Amino acid sequence: MDKERIIEEINECPECGGSLEKDLKHGETICNNCGLVVEEEIIDSRPEKRIFDSNEEKMQHGLPMTPILHDKGLGTIIGHKNKGCSGKSIEIYRLKRTQRRSTFNRSRERNFAIASTEISRICSSLGLPRTIRERASTIYSKALTKNITQGRSIMSVAATTVYAACKEYNINRTLTEIEKNSGVACREIGRNFREIRKRLKLKIVPPSPKSYIPRFCSEMKLSQKVSDKAIEIVNQALKKDLVDGRDPAGIAGASIYIATFICGEILIQRKIARVVGVTEVTIRNRYHEISDRLGIDIDINNRNANIKGV
DNA sequence: ACCTTATTCTATCGGAT
DNA sequence: ATCCGGTAGAATAAGGT
């Protein structure tokens with residue numbers, strides 16, 4: 001809901017003011033000048049919540065809670081007296097309990113503190129936003145409570161949580177990239193990742209090809225008609241099981257390619273390939289599969305398409 | 001920890017217009 | 001020259017034993 005509005009507003013780098021360039025394949029925006037990655041979907045530029053209503057209960061004070069710090073950023077030792085805070089004693093008690101538990105688990109805390117440092121280091125050397133860093137910390141913390149860290153090095157699990165957080169937000173970083181920036185071998189990150197995903201039931205869903213189509217179509221100045229047709233084609237392809245396991249951007253590109261033939265607004269493969277971030281070969285392979293199975297005859301030379309089946 | 005499978009990429013060439 | 005189709009080999013990701 002608010003996301004669209006936020007995306008509209010971003011056009012220069014919040015760090016250096018340089019111009020931003022879209023990396024459509026990864027669905028992210030990168031600063032041409034300083035290389036900062038601005039993840040469109042997770043940047044929140046709204047002002048801090050401040051509600052000055054009658055009881056002022058929702059007003060934020062101080063730093064926001066953050067999973068990066070081992071004590072969730074509380075940073076203050078809570079005194080033993082509950083008096084003087086009328087009506088708030090239960091909350092104070094809960095905070096004290098949290099603090100007592102965190103000091104109780106000292107070894108875990110040390111472990112987590114080291115991991116947090118490592119996660120922050122990896123994220124900053126990969127230019128990943130704060131959201132990813134925080135999510136990686138949260139995942140690490142959960143892994144810690146489920147004892148997944150047992151028998152694995154802190155470094156390797158930390159690297160894995162960064163990889164997992166990226167996957168969750170569809171900011172795709174390859175295993176090799178994480179390896180280069182963490183010193184942990186690809187194989188190990190991969191193995192840890194499978195374990196963590198299973199045990200923590202992380203829901204990692206690849207983006208639907210349909211979610212790319214409107215953006216790609218407007219990028220290529222194609223009509224709404226083409227966009228609608230391409231989405232229709234993806235729906236048909238889904239039914240025939242032609243989508244799973246394939247690069248969603250490739251499916252989107254191929255569907256758009258077919259749609260341009262049907263609508264008479266033909267674009268060449270190379271142009272579509274460049275915009276969607278895959279090679280011409282992929283566009284070809286996908287569009288052949290889809291048009292074959294859907295009974296769409298594409299006549300490249302006569303620049304038209306015949307739909308046999310539906 | 002090693003091996004297998006599936007997908008995509010790069011590079012390249014040939015045919016058609 | 002441009003566009004499309006096809007292919008080989010490497011790289012990548014994910015899963016199984």
Side-chain angles (χ1 to χ4, degrees), chain A residues 23-27 122 126 139 148-153 155-157 159-209 212 216 220 222 234 237-238 240-262 264-294 296-306:
Chain A
D23 178 343
L24 295 167
K25 170 149 187 167
H26 294 119
I122 296 168
L126 280 164
I139 294 170
I148 298 170
T149 48
Q150 288 275 357
R152 296 173 222 270
S153 73
M155 295 282 255
S156 78
V157 180
T160 306
T161 60
V162 175
Y163 183 70
C166 286
K167 284 248 178 214
E168 280 191 323
Y169 284 98
N170 285 316
I171 302 182
N172 291 314
R173 289 288 175 277
T174 62
L175 289 169
T176 320
E177 282 174 290
I178 309 270
E179 177 185 288
K180 278 182 197 146
N181 291 281
S182 69
V184 180
C186 285
R187 284 166 170 264
E188 214 175 333
I189 300 171
R191 222 177 327 114
N192 289 348
F193 174 63
R194 268 172 265 154
E195 186 71 14
I196 285 177
R197 187 182 48 184
K198 200 161 45 170
R199 300 265 299 273
L200 298 183
K201 298 185 174 62
L202 297 181
K203 46 176 188 340
I204 287 158
V205 189
S208 163
Y212 289 120
F216 289 156
M220 293 183 277
L222 290 164
V234 173
L238 278 165
K240 306 240 175 191
D241 211 24
L242 295 167
V243 175
D244 280 356
R246 272 70 186 274
D247 184 343
I251 302 277
S255 301
I256 293 169
Y257 184 67
I258 296 170
T260 62
F261 272 84
I262 294 171
E265 301 179 36
I266 300 172
L267 289 182
I268 63 170
Q269 294 171 7
R270 186 183 305 164
K271 170 151 190 183
I272 294 176
R274 216 178 37 231
V275 171
V276 309
V278 301
T279 61
E280 293 170 65
V281 181
T282 303
I283 298 285
R284 278 204 280 277
N285 291 338
R286 292 297 84 78
Y287 109 74
H288 278 142
E289 280 171 9
I290 294 172
S291 59
D292 278 0
R293 292 287 303 280
L294 264 47
I296 300 171
D297 265 349
I298 294 199
D299 190 333
I300 301 278
N301 298 326
N302 292 324
R303 298 167 66 80
N304 65 30
N306 291 310

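So that the names make sense, note that chain A is the first sequence line, chain B the second, and so on, each numbered from 1. Everything numeric here is computed off the predicted structure, so don't read it as measured data.
Annotation: side chain of A/Val243 is in contact with side chain of A/Pro209 (closest heavy-atom distance under 4.5 Å). Inter-residue side-chain proximity for A/Ile139 and A/Leu200 is flagged as met; some heavy-atom pair is nearer than 4.5 Å. By the 4.5 Å heavy-atom criterion applied to side chains, A/Ile256 and A/Met220 are counted as neighbours. Contact of the A/Ile296 side chain with the A/Phe261 side chain is not registered, since no non-hydrogen atoms from C-beta on lie closer than 4.5 Å.
Surrounding CZ of A/Arg187 are at most 12 heavy atoms belonging to other residues, nucleotides or ligands under 6.0 Å away.
Separating the CG atom of A/Asp247 from the P atom of C/dA14 is a distance of 12 Å, rounded to the nearest angstrom. With rounding to whole Å, A/Ile283 atom CD1 is found 15 Å from C/dC3 atom C1'. Look at OH on A/Tyr287: it is 8 Å from C1' on C/dG5, rounded to the nearest Å. We find that CD of A/Glu280 is positioned 13 Å from C1' of B/dT12, with the value rounded to whole Å. Straight-line distance from the CZ atom of A/Arg274 to the P atom of B/dT10: 14 Å, rounded to whole Å. Distance CG (A/Leu175) to C1' (C/dA14): 9 Å, rounded to an integer number of Å. Distance CD1 (A/Ile251) to C1' (B/dA6): 14 Å, rounded to an integer number of Å. The distance from atom CG of A/Asn192 to atom P of C/dA14 is 14 Å, rounded to the nearest whole Å.
Taking 4.0 angstrom as the limit, A/His288 places none of its side-chain polar atoms (N or O) nearer than this to OP1 or OP2 of C/dC4. Contact between the side-chain N/O atoms of A/Tyr163 and the OP1/OP2 oxygens of C/dA14 is found at a separation under 4.0 Å.
Nearest-nucleotide positions on DNA chain B place A/Glu289 closer to the 5' end than the other of A/Val281 and A/Glu289. Heavy-atom distances to DNA chain C give each of A/Cys186 and A/Leu267 a nearest nucleotide, and the one nearer the 5′ end belongs to A/Leu267.
Listed candidates were B/dT8, C/dC3, C/dG5. Nearest to the side chain of A/Arg284 is C/dG5. The side chain of A/Arg286 has B/dT8 as its nearest neighbour among C/dG5, B/dT8, C/dA13. Listed nucleotides: B/dT10, C/dC4, B/dT8. Nearest to the side chain of A/Arg246: B/dT8. If you check C/dG5, C/dA14, B/dT8 against the side chain of A/Gln269, the one that comes closest is C/dG5. Residue A/Ile300 places its side chain closer to C/dG5 than to any other of C/dG5, C/dT12, C/dC3.
Nearest heavy-atom pair across A/Ile290 and A/Ala254 is CD1-CB, 4.3 Å.
Within 4.0 Å of A/Lys167, counting heavy atoms only, lie sugar-phosphate atoms of the nucleic acid but no base atom. Looking at heavy-atom distances under 4.0 Å, A/Gly190 makes no contact with the nucleic acid at all.
At distances below 3.5 Å, at least one donor-acceptor pair connects side-chain atoms of A/Glu177 with backbone N or O atoms of A/Thr174.
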Strictly under 3.5 Å: I want the nitrogen or oxygen pairs between protein and nucleotides 1-4 of chain B, one per line.
residue : atom : partner  : partner atom : Å
B/dA1   : OP2  : A/Arg191 : NH2          : 2.9

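Electrostatic pairing of A/Arg286 and A/Glu289 counts as a salt bridge here, judged by a charged N lying under 4.0 Å from a carboxylate O.
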